[in-house]
Amino acid sequence: MVESDHPSKNKQDCDVKDERVLNGGGSKDLELGNLPTLKDLNKIPVDVEKGHSDKADFERAIELTGYGKFHYILLAVCGFVSTSEEMDVISMSFILPSAQCDLNLSTQSKGWLNSIIFIGMMAGAYAWGSVADSLGRKKVLITISFMNALCIVASSFSQTYELFMFFRFLNGAALGGSGPVIWSYFAEFQPKSKRGSMLSFMAAFWTLGNLFVAGLAWLIIPTGIGLHHPSFTYNSWRIFLLICAVPSFIVAALLFFLPESPKFLLSRGRCDEAIEIFRQIYSTNTGKSKDDYPVKQLILDDHPEKPIETKTPIKGKYKNMFIDIIDNSKQLFVSPILKFTLISITINFTFHIGYYGLMMWFPELFNRFDEYSRVYPNQTAGVCVVTNFVTEHGSQNGSSCSATIPSAVFLESLITVASALPSNIIAVLFMDLLGRKFFLVFSTVTSGLCAASMYFVYNKLHNLIVSAVFSSVISCGNAALDCLITEIFPTNLRATGVAVSMVAARLGGIIGNLVIANLLDTYCPAPTFIVAALLIGGGLLCLFLPNTTRKALS
């Protein structure tokens with residue numbers, strides 16, 4: 001879904017001042033806490049807001065559009081993209097207990113099913129993020145949303161474990177681009193005064209995705225509805241999966257009505273298109289005519305990386321795209337950006353070992369506790385005793401198979417994900433006040449302690465409480481991490497930088513799931529303490545990153 005770029009009138013609409021270094025891609029001042037303002041760089045002598053000048057830098061231009069209807073519509077659509085992404089990832093955790101008979105799943109094969117989507121996301125994240133930095137955010141988002149929906153539908157019809165794994169991999173390859181691109185896209189419409197709170201607000205849609213998928217699973221999977229035939233089965237968990245594809249189709253259609261990121265357009269030298277988008281945003285937010293928008297000329301601190309002044313032949317465009325991808329990737333690993341790249345990779349890796357490593361196994365753990373309590377209703381037991389019982393005498397012993405999951409398991413899962421809502425609200429209200437680092441450190445330390453304490457729980461209620469607290473605090477940290485990683489990279493590298501970080505996050509999800517799958521049944525104490533150590537150690541690394549709170553996007 002690639003279209004030719006429009007001609008750009010850069011000389012007419014842009015005032016550019018070159019301050020770049022040779023190997024930094026215009027990022028010699030990337031220590032964001034020390035960045036001079038663009039007004040200082042270009043010596044604008046008058047106040048744009050008072051109408052004495054029709055020139056403005058990006059931050060001033062986006063502020064003058066106002067904040068209103070457009071931004072709330074943007075939040076709704078971008079949030080819905082995040083909701084659909086989280087639904088697709090977490091849906092597998094509710095399918096595993098129900099599909100174990102259909103697909104003949106052991107604990108290890110469940111671990112691979114949980115992990116295959118992250119393997120696909122690793123493959124897709126870097127590729128889609130790099131393409132988005134070359135061709136644009138909007139086009140990529142529409143493409144991957146349609147691809148994602150079609151793969152989910154195909155996987156719901158798969159009758160074998162191997163075919164199901166294949167379509168889940170393709171599903172992950174599409175989802176891999178959704179995260180880095182949607183966060184870059186949304187952030188590039190936000191003024192610095194509201195960016196932290198609005199990014200936190202969008203992170204709350206992940207919690208909504210968890211709630212929707214848990215609620216749907218509760219309503220659909222236990223009913224046992226569906227088609228049963230010796231050669232073809234389409235039962236309740238497959239219907240549940242099919243319904244989870246609907247949001248992706250909807251967001252793909254909604255994205256057609258949103259504009260391209262003006263910050264991206266400016267990085268490509270397409271100032272006339274950026275100004276027209278600012279005018280449209282101004283009109284939508286204020287109800288006034290586009291002609292009343294005061295900015296007529298944009299002032300940039302860098303020359304755009306690849307100014308586009310004429311239409312490029314399709315063949316040449318693809319060639320330029322691959323050159324851009326290679327060039328952007330190299331810049332991520334050159335000083336001064338190298339430091340941010342390495343730290344963001346490490347934090348995302350350790351954080352998501354904990355986040356997906358435990359979150360995707362909660363329904364399975366709830367089911368195991370429920371199975372134990374049905375046999376021993378008045379006895380208490382820790383997670384390792386329960387696991388030992390299930391593997392030796394219960395549903396995991398290989399001699400029998402039961403796909404009947406009690407409604408209580410879905411209710412406990414729903415309570416766990418719902419506990420993240422208060423934390424999301426706190427993050428929205430205080431992210432710009434307390435800062436990204438505060439929330440990230442608090443979240444990783446607290447969730448690490450929760451992970452370690454899971455070894456010491458000895459009944460269903462204790463397990464539910466610890467799981468709920470873990471879900472709450474790690475959700476808060478997820479919002480802070482998304483804000484911080486999105487903001488530390490410059491515009492021309494943002495989607496690629498976030499994508500590389502997301503690759504590390506998906507690798508963490510893979511390893512987290514495989515570690516739990518392989519150690520839970522054989523050496524039970526290990527997974528919780530490994531997750532705890534990685535969460536706490538990785539989270540503290542954020543202290544070495546610059547403060548991006550209320551700072552202009554570079």
Side-chain angles (χ1 to χ4, degrees), residues 32-33 35 59 62-63 66-68 71-72 74-76 78-79 82-83 86 179 182-184 186-211 340 343-344 347-348 350-352 354-355 359 416-451 468-489 498 501 505 535-536 538-554:
L32 300 181
L35 268 177
E59 290 292 341
I62 197 69
E63 286 176 3
Y67 207 90
H71 290 91
Y72 300 128
L74 180 75
L75 173 65
C78 292
S82 289
T83 296
E86 185 68 357
I182 195 62
W183 282 93
S184 299
F186 183 73
E188 289 168 359
F189 282 97
Q190 308 303 317
K192 61 186 178 183
S193 61
K194 291 183 177 291
R195 193 168 59 243
S197 61
M198 295 307 290
L199 285 172
S200 300
F201 208 148
M202 197 173 86
F205 281 84
W206 279 59
T207 301
L208 292 181
N210 287 332
L211 285 171
F340 307 144
I343 293 178
S344 67
I347 295 176
N348 270 281
T350 58
F351 185 91
H352 287 86
Y355 183 80
M359 287 291 288
T416 299
V417 297
S419 65
L421 282 175
S423 295
N424 288 135
I425 294 172
I426 291 172
V428 170
L429 295 177
F430 297 104
M431 186 65 71
D432 282 322
L433 180 64
L434 299 177
R436 287 66 160 144
K437 294 183 182 181
F438 169 84
F439 279 101
L440 188 54
V441 171
F442 171 79
S443 166
T444 51
V445 171
T446 308
S447 60
L449 294 175
C450 286
V469 174
F470 178 88
S471 173
S472 178
V473 293
I474 204 165
S475 172
C476 199
N478 191 46
L481 181 60
D482 287 334
C483 289
L484 187 60
I485 299 304
T486 301
E487 292 170 337
I488 62 173
F489 294 105
V498 175
S501 301
L535 277 171
I536 295 172
L540 293 176
L541 281 177
C542 76
L543 298 175
F544 295 97
L545 290 175
N547 175 30
T548 61
T549 304
R550 294 182 180 271
K551 304 294 183 181
L553 285 176
S554 60

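Keep in mind that what you see is a predicted model, and the values were worked out from it rather than measured. Hydrogens, waters and symmetry mates play no part in the numbers below; they use all other heavy atoms, side chains included.
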query: From Met198 CE over to Leu74 CG, what is the distance, rounded to the nearest 0.5 angstrom?
result: 8.0 Å

task: Return the set of residues passing side-chain hydrogen bond (donor to acceptor under 3.5 Å, both in side chains) with Ser443 (not counting sequence neighbours), or none when no residue passes.
output: none

- prompt: Between atom CG of Asn348 and atom CG of Leu484, what is the distance when rounded to the nearest 0.5 Å?
  reply: 9.5 Å

query: Which heavy atom of Thr446 sits nearest a heavy atom of Phe442, and at what distance?
result: OG1-O, 2.7 Å

message: Assess the residue pair Ile536 and Val445 against the criterion (side-chain contact (heavy atoms from CB on, under 4.5 Å)); give the C-alpha distance rounded to whole Å, side-chain angles, the decisive distance to 0.1 Å, and a yes or no.
response: CA-CA 5 Å; Ile536 295 172; Val445 171; 4.3 Å; yes

- prompt: What are the two closest heavy atoms between Val469 and Cys450, and how far apart are they?
  reply: CG1-SG, 3.5 Å

- request: With sequence neighbours left out, write down each residue that passes side-chain hydrogen bond (donor to acceptor under 3.5 Å, both in side chains) with Ser344, or none if nothing qualifies.
  value: Ser501

task: Test side-chain contact (heavy atoms from CB on, under 4.5 Å) on Gln190 and Leu75 and set out the steps.
output: CA-CA 10 Å; Gln190 308 303 317; Leu75 173 65; over 6 Å; no

task: Report the distance from atom OG of Ser184 to atom CD of Glu487, rounding to the nearest 0.5 Å.
output: 11.0 Å

message: Quick one, Val473 and Thr444 - any side-chain contact, counting heavy atoms below 4.5 Å?
response: no

- prompt: Has the side chain of Ser472 got a donor or acceptor atom that lies under 3.5 Å from a matching backbone atom of Ala468?
  reply: no

task: Kindly check if the number of other-residue, nucleotide or ligand heavy atoms within 6.0 Å of CZ (Phe205) is above 12?
output: yes

message: Does any part of the side chain of Asn424, heavy atoms only, come nearer than 4.5 Å to the side chain of Phe201, both counted from C-beta?
response: no

message: Please evaluate residues His352 and Asn478 with respect to the criterion side-chain contact (heavy atoms from CB on, under 4.5 Å), reporting the C-alpha separation (whole Å), side-chain torsions for both, the decisive distance (0.1 Å), and the verdict.
response: CA-CA 9 Å; His352 287 86; Asn478 191 46; 4.1 Å; yes

Candidate pair Leu481 and Ile347, rule side-chain contact (heavy atoms from CB on, under 4.5 Å), full reasoning: CA-CA 8 Å; Leu481 181 60; Ile347 295 176; 3.5 Å; yes

field: Distance-minimising heavy-atom pair for Met202 and Ser82
entry: CE-OG, 3.9 Å

- request: Assess the side chains of Ser471 and Thr416: does a donor N or O sit below 3.5 Å from an acceptor N or O?
  value: no

- prompt: Under a 4.5 Å cut-off applied to non-hydrogen side-chain atoms, are Phe439 and Ile426 in contact?
  reply: yes

field: Closest non-hydrogen atom pair, Leu535 against Thr350
entry: CD2-O, 4.0 Å

Shortest non-hydrogen separation from Lys192 to Glu63 and the atoms involved: CE-OE2, 4.2 Å

query: For Arg436 and Cys483, which heavy atoms make the closest approach, and how far apart are they?
result: CG-CB, 3.8 Å

- request: Find out whether Leu543 and Val441 are in side-chain contact, i.e. whether some heavy atom of one side chain is under 4.5 Å from a heavy atom of the other.
  value: yes

message: Just checking Tyr67: does its OH atom have more than 12 heavy atoms from other residues, nucleotides or ligands closer to it than 6.0 angstrom?
response: yes

